[in-house]
Amino acid sequence: DAMVIQNPRYQVTQFGKPVTLSCSQTLNHNVMYWYQQKSSQAPKLLFHYYDKDFNNEADTPDNFQSRRPNTSFCFLDIRSPGLGDAAMYLCATSRVGGRETQYFGPGTRLLVL
Amino acid sequence: DAKTTQPNSMESNEEEPVHLPCNHSTISGTDYIHWYRQLPSQGPEYVIHGLTSNVNNRMASLAIAEDRKSSTLILHRATLRDAAVYYCILTPNSGYALNFGKGTSLLVTP
């Protein structure tokens, strides 16, 4: 049974055209994360939500925004995608605490033309 | 955040044990040691975690040095499906975000 679902799996957008990636979870976890993973690199945390509290990483570009309308859903909005934003975007969830496991979705691969 | 150091790559024969090392000399007393792996074209998946004692689960074992400055992930019998990038990550007890390092790319050959 899928626990963290990401749609779509592949997304093609044009340079500068806003795009939204979606994530949903069936685990009822407090925390939801968005990671960016470029080719041959490790995942990099963009931001996370602890319940409704939004926590942005210091080096996340302003071009990236997020929304969490309820516990189950979280969205990643890229306002004006550039060629450098082409990457795999990973959503994850967890309970709170350093010993808690993060559960990842399969990712959405974004291509910017 | 405390950092980890892992070899860039390792190779193993199928059905042989694999020992993946991780150094974390600046670990603090409340940092958990987590291991995740990422198979090609998939999201990372949890493997195992520990604090001070060695841990076993159905996927692997985690051996933690007495001074906690290093740990080793042990795959008891590597299969081709274990070929992945393995990440060793420290998380503080009060935190929850994962700070991924470069990880170790494990190649398993028949």
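Order of the sequence lines sets the chain letters (A, B, ...), proteins ahead of strands, with each chain counted from 1. What you are looking at is a predicted structure, and each value in this text was computed from that prediction instead of being measured. Keep in mind that the numbers below use all heavy atoms, side chains included, and drop hydrogens, waters and symmetry copies.
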Answer yes or no: are there more than 12 heavy-atom neighbours, outside [X] itself, under 6.0 Å from its atom [atom1]?
| X | atom1 | answer |
| --- | --- | --- |
| Arg95(A) | CZ | no |
| Asp67(B) | CG | yes |
| Asp62(A) | CG | no |

[X]-[Y] co-clustered via ILVMFWY side chain contacts under 4.5 Å:
| X | Y | value |
| --- | --- | --- |
| Phe54(A) | Tyr89(A) | yes |
| Leu73(B) | Tyr32(B) | no |
| Tyr10(A) | Val112(A) | no |
| Met88(A) | Phe75(A) | no |
| Val19(A) | Leu76(A) | yes |

Between atom [atom1] of [X] and atom [atom2] of [Y], what is the distance when rounded to the nearest 0.5 Å?
| X | Y | atom1 | atom2 | answer |
| --- | --- | --- | --- | --- |
| Glu57(A) | Asn99(B) | CD | CG | 8.5 Å |
| Arg99(A) | Thr91(B) | CZ | OG1 | 11.0 Å |
| Glu45(B) | Tyr103(A) | CD | OH | 11.5 Å |

Proximity breakdown for Pro106(A) and chain B, heavy-atom pairs closer than 4.5 Å: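 Looking at Pro106(A), just its backbone touches chain B.
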Turns out that what part of Val31(A) lies under 4.5 Å from chain B's heavy atoms comes down to side chain
Quick one: what part of Ser41(B) sits under 4.5 Å from any heavy atom of chain A, side chain, backbone, both or neither? backbone
Between Tyr35(A) and Phe100(B), does the ring centroid distance fall short of 6.0 Å? yes
Are the side chain of [X] and the backbone of [Y] linked by a donor-acceptor contact shorter than 3.5 Å?
| X | Y | answer |
| --- | --- | --- |
| Tyr36(B) | Gln102(A) | yes |
| His49(B) | Thr101(A) | no |
| Tyr33(A) | Leu98(B) | no |

Of the non-hydrogen atoms in Pro43(A) and Tyr87(B), which two are nearest, and what is the gap between them? CD-OH, 3.7 Å
Atom of Leu90(A), atom of Pro44(B) and distance for their closest heavy-atom approach: CD1-CD, 3.8 Å
Please rank Gln37(A), Gln41(A), Arg109(A), Lys44(A) by heavy-atom pairs under 4.5 Å with chain B and give me the top one. Gln37(A)
